Amino acid sequence: MDDTPTDMRQVRLRAEALESLLVERGLLMESDIDQVIAQFEQRVGPVNGAKVVARAWTDAEFKLRLLADGTDAIREFRFSGGQVERLVVVENTHVEHNVVVCTLCSCYPWALLGLPPRWYKDPAYRSRIVREPRSVLAEMGLEVPASKRIRVWDSSAEIRYMVLPQRPDGAEALSEKEREALVTRDAMIGVA
Amino acid sequence: MDGIHDLGGKQGFGKVVRERQEPAFHERWEASVHASMVAIAVQGWLGNIDRFRHAIERIDPAAYLTHTYYGRWLAGLETLLEESGKLTGGEIDARVRKMSNLDQQERLTRAARPRLYFETKPLSEDAIRGAQRETHAPPRFVVGDTVRTSRHGSDGHTRLPAYARDKIGRIVASHGAWVFPDTNAHGLGEQPCSLYTVAFEGSELWGGAGESDAEVCIDLFEPYLKRA
């Protein structure tokens, strides 16, 4: 049984109607849709951002460049996926915690983190994180100590933000691949 | 515009709900909307990203909250196609009526016809150029300056969130000149202007209710700012 609410069934139908009109005009083909799925399921995702973070955790010179000019520093990784014309990387430290949002729409660094998760695009996160970041982060399982200042980055223009999480103890002894596996999408948004 | 999209600081939306192992797309139609957006952008029919964002801002407020992200994209695309005369709402309605009697498999079979021609225009120059521009008047503000934001919003597209209107902040970064969304969304030209990151104390934004030791950094265009 299809338990999709009626209005969402209607949205789905309209999406398929638009698709069929575009296909008829020769502007779209089904494989384009498969390609979009493959692109964001396989090639563009948080694994890209994790590579950048893992490198910054052990390469001090790279980290300096990354924080000074994120756009330039990530060029060598040749990521595709869009939405990162200018990248600013903000560093979590023992005195500061950073978290990213887009209150006006859902701007997000696709090339580094893939497509945003639903909660990032939903009203609860977008409305509350600017007003009560400590409470929202605590609800999401991240207690930010009172000694740490919180900076919320509201991506209201074309600059995209990514958080450089603090390096976990012992990470320097791991291999690059193992370090990458420690880096989660949520940590790079700043909610974990 | 003072639309439902301007969500920063609104109250009553409850807890943030996270999904475990969330897929990039939950259903095929979401990827279809994503691919349709790309196809429409390739034709240059989207206008520009600011126009697309403004089209999304203008959808029915109740639908904005309930139709999820790709439902919003779809409504925005329909608006732009209709406004540019590329596809009328009537055509989509008629297709919906025709397709609503088919089951999904049939609908997809009908949709999956080969492309009539394989040449697509490359993305318009604007899309590739992005939004940064070289030439502009020198920035009026420097890092460390204290500024006050505009007191009023705009009937059209703007990127000054309502919660940050008429507030005092300090410039923490200066980013050069960028296309001004407020004019670009309305066919009034790019009018590049200086872009800054402005930091606001939580107490300035939210008064006594603000959490201690928290600030919000917002990327704001020079026309929104005055020296405080």
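Letters A, B, ... mirror the listed sequences (proteins, then strands); counts begin at 1. If you're wondering where the values come from, they're calculated on a predicted model, not measured in any experiment.
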Output, in order, the C-alpha distance, side-chain angles, deciding distance and verdict of side-chain contact (heavy atoms from CB on, under 4.5 Å) for Glu158(A) and Val179(B).
-> CA-CA 9 Å; Glu158(A) 295 304 326; Val179(B) 171; over 6 Å; no

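- Proximity to chain A is limited to the side chain of Leu195(B), based on heavy atoms less than 4.5 angstrom apart.
- Looking at Arg159(B) and Cys105(A), their side chains come closer than 4.5 Å, going by heavy atoms from C-beta outward.
- Looking at Met140(A), both its backbone and its side chain come within 4.5 Å of chain B, counting heavy atoms on both sides.
- Between Arg133(B) and Glu85(A), no side-chain nitrogen of the basic residue sits less than 4.0 Å from a carboxylate oxygen of the acidic one, so the salt-bridge criterion is not met.
- The parts of Val191(A) that come within reach of chain B are both its backbone and its side chain, each placing non-hydrogen atoms under 4.5 angstrom from that chain.
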List the steps, then state whether side-chain contact (heavy atoms from CB on, under 4.5 Å) holds for Ile129(A) with Val16(B).
-> CA-CA 10 Å; Ile129(A) 194 71; Val16(B) 177; over 6 Å; no

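- Ranked by heavy-atom pairs shorter than 4.5 Å toward chain B, the options Ala17(A), Ser127(A), Ala15(A), Ala124(A) are led by Ser127(A).
- Side-chain contact between Gln43(B) and Arg25(A) is absent, with no heavy-atom pair separated by less than 4.5 Å.
- By the 30° and 60° cut-offs, the orientation of the rings of Phe25(B) relative to Phe40(A) is perpendicular.
- Highest contact tally toward chain A, considering only Glu201(B), Glu57(B), Lys86(B), is held by Glu201(B) [criterion: heavy-atom pairs under 4.5 Å].
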Does the salt bridge (Lys or Arg N to Asp or Glu O under 4.0 Å) test come out yes or no for Lys121(A) and Glu30(B), once each step is laid out?
-> CA-CA 14 Å; Lys121(A) 303 176 282 194; Glu30(B) 297 185 339; over 6 Å; no

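- The shortest distance between side-chain heavy atoms of Val38(B) and Asp32(A) does not fall below 4.5 Å.
- Atom CH2 of Trp29(B) and atom CG of Leu18(A) lie 12.0 Å apart (nearest 0.5 Å).
- At distances below 3.5 Å, not a single donor-acceptor pair connects side-chain atoms of Thr103(A) with backbone N or O atoms of Leu7(B).
- For the set Cys102(A), Pro123(A), Ala157(A), Ser135(A), the entry with the most heavy-atom pairs within less than 4.5 Å of chain B is Pro123(A).
- Contact annotation for Tyr120(A): neither backbone nor side-chain heavy atoms come within less than 4.5 Å of a heavy atom of chain B.
- Neither the backbone nor the side chain of Glu96(A) comes within less than 4.5 Å of any heavy atom of chain B.
- Proximity to chain A involves both the backbone and the side chain of Pro161(B), based on heavy atoms less than 4.5 angstrom apart.
- Of the possible polar contacts, none joining the Arg131(A) side chain to the Gln11(B) backbone as a donor-acceptor pair under 3.5 Å is found.
- Between Arg118(A) and Glu22(B), no side-chain nitrogen of the basic residue sits less than 4.0 Å from a carboxylate oxygen of the acidic one, so the salt-bridge criterion is not met.
- Contact annotation: the side chain of Thr197(B) approaches that of Tyr161(A) to within less than 4.5 Å [non-hydrogen atoms, C-beta and beyond].
- Between Asp213(B) and Lys148(A) no salt bridge is recorded (no basic side-chain N to carboxylate O distance below 4.0 Å).
- In terms of heavy-atom pairs under 4.5 Å with chain A, the best-connected choice from His67(B), Glu91(B), Lys10(B) is His67(B).
- Of the atoms belonging to Asp186(A), it is side-chain heavy atoms, and not backbone ones, that fall under 4.5 Å from chain B.
- Comparing Ala164(B), Ala214(B), Gly3(B), Ala63(B) by how many heavy-atom pairs each has under 4.5 Å with chain A, the most go to Ala214(B).
- Residues Met99(B) and Ser20(A) have side chains in contact (heavy-atom distance under 4.5 Å, counting atoms from C-beta outward).
- When each of Glu41(A), Arg14(A), Met8(A), Arg128(A) is checked for heavy-atom pairs under 4.5 Å with chain B, Arg14(A) comes out on top.
- Within the 4.5 Å cutoff, side-chain heavy atoms of Arg95(B) are placed close to those of Glu24(A).
- Residue Leu22(A) touches chain B through its side chain alone, counting heavy-atom pairs closer than 4.5 Å.
- The contact between Leu81(B) and chain A is made entirely by side chain atoms (from C-beta outward), counting heavy-atom distances below 4.5 Å.
- In this structure, the portion of Ser155(A) lying under 4.5 Å from any heavy atom of chain B is its backbone and not its side chain.
- Between Phe200(B) and Val130(A), every side-chain heavy-atom pair lies at or beyond the 4.5 Å cut-off.
- Looking only at side-chain heavy atoms (C-beta outward), Val17(B) and Asp122(A) stay at 4.5 Å or farther from each other.
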Check against side-chain contact (heavy atoms from CB on, under 4.5 Å), Val172(B) and Arg151(A) | CA-CA 12 Å; Val172(B) 294; Arg151(A) 291 186 114 177; 4.0 Å; yes

Verdict with reasoning, Glu30(A) to Arg28(B), per side-chain contact (heavy atoms from CB on, under 4.5 Å) = CA-CA 11 Å; Glu30(A) 179 151 31; Arg28(B) 184 188 174 283; 3.1 Å; yes

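- With a 4.5 Å cut-off on non-hydrogen atoms, Ile56(B) does not touch chain A at all.
- His175(B) touches chain A through backbone and side chain together, each having a heavy atom under 4.5 Å away.
- Heavy-atom distances place both the backbone and the side chain of Ile92(B) under 4.5 Å from chain A.
- Judged purely by atom type and a 3.5 angstrom limit, Glu132(A) has no side-chain atom pairing as donor or acceptor with the backbone of Glu211(B).
- Heavy-atom pairs under 4.5 Å with chain A were tallied for Trp73(B), Tyr70(B), Tyr64(B), Phe221(B); the largest tally goes to Tyr64(B).
- If you measure heavy-atom distances from Leu115(A) to chain B, the contacts under 4.5 Å come from the side chain alone.
- Expressed to the nearest 0.5 Å, how far CH2 of Trp178(B) lies from CD1 of Ile159(A) amounts to 5.5 Å.
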